[in-house]
Peer 1: 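Dropping a structure here in C-alpha cells format, bear with me for questions.
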Number of protein chains: 2
Amino acid sequence: MFYHPFYKKVKSSIETRKTSLCIGLDPDIDRLPDHIDKSLKGLQRFLFDIIDVTHDICIAYKPNISFFESLGIDGLRLLEKVRKRIPDNLPVIIDGKRGDIGNTSMMQARYIFDYFGADATTLHPYMGLDSLHPFFSYKDRFNFVLALTSNHSAVDIEKKVLCDDQPLYMHVASLCSEWNKTYSNIGLVAGATQKELSRIRNVNKDLIFLIPGIGTQGGSYKEAVETGRNSENIAVINVSRSILYCSKELDYLIKVRKKTETYIY
Amino acid sequence: MFYHPFYKKVKSSIETRKTSLCIGLDPDIDRLPDHIDKSLKGLQRFLFDIIDVTHDICIAYKPNISFFESLGIDGLRLLEKVRKRIPDNLPVIIDGKRGDIGNTSMMQARYIFDYFGADATTLHPYMGLDSLHPFFSYKDRFNFVLALTSNHSAVDIEKKVLCDDQPLYMHVASLCSEWNKTYSNIGLVAGATQKELSRIRNVNKDLIFLIPGIGTQGGSYKEAVETGRNSENIAVINVSRSILYCSKELDYLIKVRKKTETYIY
C-alpha cells in the first residue's frame, strides 16, 4: 500500500504542505456567495475559483458526486470540468458510496474510475467482498470503505454489537485490513468520536483513513489528525461546507483562503 | 402502505396479469443480439423493443442506473428516454443503491425521484435512518432497503450474527418494519434461499419484497413468489439478464416474449 500511486501522492503533499486537509466539493446553488449568479455557470465559476485559491495548500479534493447528480446531466458535465480543473499532483476522490452485485459494481467502477477518472472513491461494505472486488481490481485506484460514519444514525447498524462482542464497524475494519493484504488499495471512512477512531486505528496501524465530520459536523481537526493518522503519519481529513460556504461576501475568496490556511499544522 | 400509489399500481398489475415479474433493464452493449449495432443507438432500439414487447405482461421495470452510468453522460440521456418509453401504468424502480449522510441523500433523492422521475428506488441501510429519511420523505415514492442480497459475499456482513442471536439482515428487516409504521413507503430487497426469505417474511407479513436472484443467479421464481409474497399476495420478483439476453438471433423478440410469458402463473 505504501507504494500505491494514490498513497504516494497524498504522502508527498502532507509532508511538503504540512496539512492533511482534503477539500470536499459539495456544490449547492442555494449557498453561493450573494453576487454569484445562481446558475450552473455561477456554480462552475465558484468551484473553479475555490480550486484555484486552495490547490497549493490542501492534499486532495473530494467531489461529492450526489451534489452534481442532483443537478441532472448538466451537473455531471460540470463534474467533468471540475475534475479537469484539479491539478494533476492532487488526487481526486469521487465520493460515490457505491457497491452492488459484482457485474453491477463493475459498471460503477467504470463510471467513477474510467469515465470520470477518479483516483479514489468511497464504498458501501454492506454486500461484502464480491460487491467491492471490481473496484479493488483497479490496482492504480484507491478505495475508502465505509466503516464508521459521522451521522447520528450510525447507531442503527454500524454500531450494532456482534456476537463476538465487537461493533459491526470494527468487523468491517478487520475485513478491510485483511482484504488489503491482497489488494493494497483499501482505506477506511472513519468518522465520529476520538474514542471510536482510536479503536479502529488499533485494528491496523497502516490503513489510511478518510475522516469526515470536521467543521459543520462538529469534529476537531487537530484531534482527528492525531488519532486518525497511520504509522507514517498519513490521514485524509475532509472539510467541505465550512470552507466552501464560509462567506457570502464579495471577498469570499480571501476568507476561503484564510480558512484553508487554518488547517496547516 | 396498502394505499400507497406504488403499491396500488403493483397490486393491480399482479391481480390482472397473473404475474409478479419485474423486468430489470441492465443494458450491456456486449450482449446485444448479433444484428443490432453495438452503439448507444443500438442499445436504445434494443431497450425500446424489449419494453414494447413485454409491457403488457409484467408489473414493473427496474432500470439499473449503474449500467447506464457506465456509458457516461450519453448513457444517462438514454435512461431519460427509456424512462419515458415505459407506460404510465407500470411503475419504474430505478435501482440506485444510494444512501449517505442526510444532506447528501437529499441530493440523491432529487436525482432519482425528481430528475429521473422514478416511482421507487433501492437503498443501502448501512448508515442508518437519518441517511434514508430524505428518501422516505418523498411520500408518493417507494423505497426498497437492502436486507439480504443474493450474492455469495452476503456472509461477510449481512449474515453476521448480532449479540441478540439474529443475523444483521433480520435486524435491518425489523428496523424497516418499524420505520414503515411512520413512513408507509418502505419495502425490502430480500434474495437468497427460501429458508432465509421465509425467515424475513416472519418479521412482517405486510412488507413488500423486491426479490432479485432469479434466472441467471439461480433462484426459483415459483418458490420466490410463494415464500416472498406479503399478506395480500404481493411480491416484486426481478429478472434481468435471462430475459434481456435470452437470444442473439434475429427473432430474439419472439424469444423475449415467450420467456416473459413463462412468468405468468
Side-chain angles (χ1 to χ4, degrees), chain A residues 26 28 64 66-73 75-77 80 95 97-112 114-116 124-133 146 149-165 168 171-172 175 212 217 241, chain B residues 26 28 64 66-73 75-77 80 95 97-112 114-116 124-133 146 149-165 168 171-172 175 212 217 241:
Chain A
D26 298 9
D28 188 343
N64 184 336
S66 303
F67 278 72
F68 293 89
E69 286 174 343
S70 76
L71 302 163
I73 284 173
L76 291 163
R77 286 222 186 284
E80 290 184 289
D95 192 357
K97 308 243 173 35
R98 295 303 202 265
D100 205 313
I101 60 167
N103 75 325
T104 302
S105 283
M106 195 174 73
M107 298 295 170
Q108 296 175 338
R110 283 187 195 165
Y111 185 52
I112 303 278
D114 294 334
Y115 186 78
F116 283 114
H124 266 286
Y126 191 70
M127 296 176 70
L129 179 59
D130 61 21
S131 74
L132 306 172
H133 170 77
L146 295 179
T149 55
S150 48
N151 56 321
H152 294 299
S153 296
V155 295
D156 287 341
I157 292 169
E158 298 172 15
K159 294 189 184 179
K160 286 303 286 185
V161 177
L162 299 178
C163 59
D164 61 1
D165 256 359
L168 181 64
H171 171 64
V172 171
L175 282 176
Q217 291 178 69
R241 289 168 276 175
Chain B
D26 298 8
D28 187 343
N64 184 336
S66 302
F67 278 72
F68 293 89
E69 287 174 343
S70 75
L71 301 164
I73 284 174
L76 291 164
R77 288 223 185 282
E80 290 184 288
D95 193 357
K97 307 244 173 36
R98 296 302 204 262
D100 206 314
I101 60 168
N103 74 324
T104 301
S105 283
M106 195 174 72
M107 297 297 170
Q108 297 176 337
R110 282 187 195 165
Y111 185 53
I112 303 278
D114 293 336
Y115 186 78
F116 283 115
H124 267 286
Y126 191 70
M127 296 176 68
L129 179 59
D130 61 21
S131 74
L132 307 171
H133 171 78
L146 295 180
T149 55
S150 49
N151 57 321
H152 294 299
S153 295
V155 295
D156 287 341
I157 292 168
E158 298 172 14
K159 294 190 183 179
K160 287 303 285 184
V161 177
L162 299 178
C163 58
D164 61 1
D165 256 358
L168 181 64
H171 171 65
V172 171
L175 282 177
Q217 291 178 68
R241 291 169 273 174

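Reminder, nothing fancy here: chain letters follow the sequence lines and each chain counts from 1.
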Peer 1: Is the closest side-chain donor-acceptor distance between B:N64 and A:T104 under 3.5 Å?
Peer 2: yes
Peer 1: Find the one option among A:E158, A:R110, A:H152, A:E80 whose heavy-atom pairs under 4.5 Å with chain B are most numerous.
Peer 2: A:E158
Peer 1: Which one of A:L175, A:I112, A:D164, A:L146 has the most heavy-atom pairs closer than 4.5 Å to chain B?
Peer 2: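 Option with the top pair count is A:L146.
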Peer 1: Under 4.5 Å, counting heavy-atom pairs only, tell me which of B:V161, B:L129, B:I73, B:I157 racks up the most with chain A.
Peer 2: B:I73
Peer 1: Can you tell which part of B:V155 gets under 4.5 Å to a heavy atom of chain A, answering side chain, backbone, both or neither?
Peer 2: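 No part of it gets close to chain A.
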Peer 1: Is it true that a side-chain atom of A:H124 and a backbone atom of B:K97 form a donor plus acceptor pair closer than 3.5 Å?
Peer 2: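 No: the side chain of A:H124 does not pair with the backbone of B:K97.
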Peer 1: Could you report the tightest heavy-atom contact between B:S66 and A:M107, atom names first, then the distance?
Peer 2: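 Scanning both residues completely, I find the closest heavy atoms to be O-CB, 3.4 Å.
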Peer 1: Measuring from atom OH of A:Y126 to atom OG1 of B:T149, what distance do you get when rounded to the nearest 0.5 angstrom?
Peer 2: 7.5 Å
Peer 1: Could you grab the distance from atom OG of B:S153 to atom NE2 of A:H133, nearest 0.5 Å is fine?
Peer 2: 10.0 Å
Peer 1: So which of A:G102, A:A109, A:G75, A:G128 has the biggest tally of heavy-atom pairs under 4.5 Å with chain B?
Peer 2: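 Maximum pair count with chain B is reached by A:G128.
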Peer 1: How many angstroms lie between CE in B:M127 and CG in A:D156, if you round to the nearest 0.5 Å?
Peer 2: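 So the CE of B:M127 and the CG of A:D156 are separated by 11.5 Å.
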Peer 1: Applying ring-ring contact (aromatic ring centres under 6.0 Å, His included), name anything that partners B:F116, two or more places apart in sequence or on another chain.
Peer 2: B:Y111
Peer 1: Could you look at B:D165 and say if it's the side chain, the backbone, both or neither that has a heavy atom under 4.5 Å from chain A?
Peer 2: neither
Peer 1: What distance separates A:E69 CD from B:E69 CD, expressed to the nearest 0.5 Å?
Peer 2: 5.5 Å
Peer 1: If I take atom CG from residue B:D100 and atom CG from residue A:N151, how far apart are they, to the nearest 0.5 angstrom?
Peer 2: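 Going from CG on B:D100 over to CG on A:N151, the span is 8.5 Å.
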Peer 1: Using the side chain to side chain donor-acceptor pair (under 3.5 Å) criterion, which residues pair with B:S105? Sequence neighbours excluded.
Peer 2: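 So B:S105 forms no side chain to side chain donor-acceptor pair (under 3.5 Å) with any residue.
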Peer 1: Considering only heavy atoms, which portion of B:H171 lies under 4.5 Å from any heavy atom of chain A: side chain, backbone, both, or neither?
Peer 2: side chain
